[in-house]
Amino acid sequence: MSNDGIGQRTLPFKLGVTSETITSRSGLAVFHEAALASGVVAQIRKHLPTPCSNRGIQPEEYVMPLALMLSGGGRTMEHIREIKQDTGLRRLCGFRRIPGADAIGVWLKTPYRIVGMRRVNEHLCRMIVAKSGVTDFTLDTDATLIETEKATAKMCYKGFRAFAPLFSFLAELGLCIASEFRNGDVPAGVGVERQLKYAHRLLTSLGKRLRYFRSDSAGYQAEVINTCHKLGVKFTITADRDAAVKAIIKRVSQESGWIRLFDQDGERTDREYKTAVHCMEKTEAFTLIIQRRPNPKPDLFQPEPYRYYVIATNDYERNSQELIWF
């Protein structure tokens with residue numbers, strides 16, 4: 001890493017950096033200026049308590065170097081030293097001092113600081129959504145697995161220790177507006193309804209509308225489906241192939257009238273689809289879009305000639321092909 005030429009293109013982080021994470025020092029400085037202009041630093045000062053001593057490290061002195069490190073391609077706490085050693089970047093951003101990795105780790109472990117950062121994130125999300133000019137939004141919710149060797153992590157369903165955070169994104173902006181850090185043994189569907197309600201509440205407070213909700217089978221829950229009906233949100237959720245869905249698949253597989261699926265360019269695919277009406281024990285009726293494609297290698301465990309994929313939806317404004325590609 002070079003400190004020569006403040007505007008030149010550099011590799012801020014030597015460890016684990018890829019071509020996608022190459023960021024110029026001036027680019028990181030602009031990132032910091034944007035945080036100042038958007039009120040993020042002011043929100044940090046508002047929601048995170050200051051140290052008792054005047055000589056103590058201020059909360060923004062922990063948060064902003066860490067944010068720059070992550071945006072520049074850093075992947076571990078130790079990468080904060082790259083920010084610390086870059087005197088040019090520190091001068092551009094006005095950083096008088098930068099805590100070490102151990103100090104930042106200890107600072108982050110305090111629960112009330114995490115709560116404060118959540119409020120800072122919400123402020124930033126609200127500002128971005130309000131200024132976006134978009135009125136109707138699509139919410140994408142999904143969990144991911146972070147493999148780790150930490151002793152506190154639990155075994156996930158794939159057989160390794162992991163954390164399993166749940167995220168919700170506004171598709172139109174590529175913006176994560178809700179997150180929940182969870183251990184690896186937490187079922188993927190836990191918290192989906194909570195984030196759905198939070199997103200609806202946030203958008204409504206800004207005069208916006210949550211129009212669509214998309215999820216994999218983790219969202220295939222009566223509570224989530226009922227919440228979508230109640231809030232007037234159109235959902236497309238991968239249906240869990242439980243006993244009831246399997247029975248419907250078995251029934252329609254023996255029927256004729258399957259429709260050929262074309263791709264978005266009008267080309268024929270190897271898939272066909274049919275629709276069926278379904279409801280869970282405690283939900284209103286909704287539509288199942290059942291897709292099938294030839295099973296390339298029937299075997300003892302999957303002897304059926306077709307493989308099936310099912311989407312649950314309450315969207316009656318668009319046709320099945322549009323919903324499949326959506």
Side-chain angles (χ1 to χ4, degrees), residues 135-143 168-172 187-197 199-200 203-204 209-295 302 304-326:
T135 302
D136 295 342
F137 288 92
T138 302
L139 186 72
D140 289 323
T141 299
D142 199 4
S168 287
F169 287 82
L170 295 180
E172 289 75 11
V190 174
V192 172
E193 182 193 13
R194 182 165 53 249
Q195 292 196 3
L196 171 62
K197 288 180 176 178
H200 179 269
L203 292 173
T204 302
R209 180 171 67 156
L210 179 58
R211 189 171 185 185
Y212 302 115
F213 172 71
R214 293 188 295 203
S215 173
D216 62 9
S217 59
Y220 190 66
Q221 310 170 40
E223 295 80 6
V224 173
I225 290 173
N226 286 336
T227 297
C228 286
H229 281 300
K230 181 179 178 181
L231 300 179
V233 176
K234 305 294 184 183
F235 63 80
T236 49
I237 301 173
T238 302
D240 189 11
R241 291 180 59 181
D242 55 23
V245 172
K246 285 182 178 179
I248 293 175
I249 291 174
K250 184 176 181 180
R251 174 174 57 81
V252 301
S253 67
Q254 300 169 0
E255 299 175 355
S256 60
W258 286 84
I259 303 171
R260 177 66 61 182
L261 179 67
F262 291 82
D263 66 20
Q264 292 165 304
D265 296 323
E267 299 293 330
R268 286 169 61 94
T269 71
D270 63 348
R271 284 187 278 173
E272 300 173 309
Y273 68 90
K274 279 181 70 73
T275 61
V277 178
H278 181 53
C279 69
M280 296 181 183
E281 185 178 351
K282 298 180 180 180
T283 68
E284 297 180 23
F286 51 88
T287 297
L288 294 181
I289 303 175
I290 305 165
Q291 299 175 69
R292 73 179 186 184
R293 68 192 314 171
N295 185 355
Q302 288 187 322
E304 301 87 358
Y306 293 98
R307 290 183 178 177
Y308 294 89
Y309 178 80
V310 185
I311 299 172
T313 184
N314 65 341
D315 189 340
Y316 308 116
E317 298 174 355
R318 293 178 289 181
N319 63 48
S320 297
Q321 294 216 29
E322 287 179 289
L323 292 172
I324 288 169
W325 295 118
F326 178 70

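- Geometrically, Arg214 engages Phe326 in a cation-pi contact, judged by NZ or CZ lying under 6.0 Å from the ring centre and within 45° of the ring axis.
- The shortest non-hydrogen separation linking Arg209 to Asp136 is NH2-OD2, 2.9 Å.
- Partners of Arg241 according to the salt bridge (Lys or Arg N to Asp or Glu O under 4.0 Å) rule, which considers only residues two or more places apart in sequence or in another chain, do not exist here.
- Screening residues 234-257 for ring pair (Phe, Tyr, Trp, His ring centres under 6.0 Å) gives His229-Phe235 as the qualifying pairs, with residues at least two apart or on separate chains.
- Here Leu170 contributes atom CG and Leu203 contributes atom CG; the two are 5.5 Å apart, rounded to the nearest 0.5 Å.
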Let me have the donor-acceptor pairs involving side chains of residues 271-287, under 3.5 Å, with sequence neighbours excluded, atom names and distances please.
{"unit_1": "Arg271", "atom_1": "NH1", "unit_2": "Gln291", "atom_2": "OE1", "d": "2.7"}
{"unit_1": "Glu272", "atom_1": "OE1", "unit_2": "Arg292", "atom_2": "NE", "d": "2.9"}
{"unit_1": "Glu272", "atom_1": "OE1", "unit_2": "Arg292", "atom_2": "NH2", "d": "3.0"}
{"unit_1": "Lys274", "atom_1": "NZ", "unit_2": "Ser256", "atom_2": "O", "d": "3.2"}
{"unit_1": "Thr283", "atom_1": "OG1", "unit_2": "Met280", "atom_2": "N", "d": "2.9"}

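- Side-chain atoms of Gln221 come within 3.5 Å of backbone atoms of Gly189 as a donor-acceptor pair (strictly under, hydrogens ignored).
- Between Thr204 and Leu231, every side-chain heavy-atom pair lies at or beyond the 4.5 Å cut-off.
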- Start with the C-alpha distance between Leu323 and Ile289, add both sets of side-chain angles, then the distance that settles side-chain contact (heavy atoms from CB on, under 4.5 Å), and finish with yes or no. CA-CA 9 Å; Leu323 292 172; Ile289 303 175; 3.9 Å; yes
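- Sorted by first and then second residue, the side chain to side chain donor-acceptor pair (under 3.5 Å) pairs with a member in residues 316-326 read Arg211-Glu317, Asp315-Arg318, Asn319-Glu322; sequence neighbours excluded.
- A distance-only check finds no donor-acceptor pair linking the side chain of Thr141 to the backbone of Val192 [under 3.5 Å].
- Taking 4.5 Å as the limit, every side-chain heavy atom of Thr236 sits out of range of all side-chain heavy atoms of Tyr212.
- One side chain, Glu193 or Thr227, offers a donor N or O that lies under 3.5 Å from an acceptor on the other.
- Considering Ile237, Thr238, Val245 as possible partners of Val310, the one that fulfils the side-chain contact (heavy atoms from CB on, under 4.5 Å) test is Val245.
- Residues Glu172 and Thr138 form a side-chain contact, since some pair of their non-hydrogen atoms from C-beta on lies under 4.5 Å apart.
- Atom CZ of residue Phe137 and atom NE2 of residue His200 lie 13.0 Å apart, to the nearest 0.5 angstrom.
- The stretch residues 242-271 participates, sequence neighbours left out, in no ring pair (Phe, Tyr, Trp, His ring centres under 6.0 Å) pair at all.
- In this structure the side chain of Leu210 reaches within 4.5 angstrom of the side chain of Leu196, judged on heavy atoms.
- Judged purely by distance below 3.5 Å, without hydrogens or angles, the side chains of Tyr220 and Ser215 never pair a donor atom with an acceptor atom.
- Scored by the side chain to side chain donor-acceptor pair (under 3.5 Å) test, Asn314 finds no partners at all (sequence neighbours excluded).
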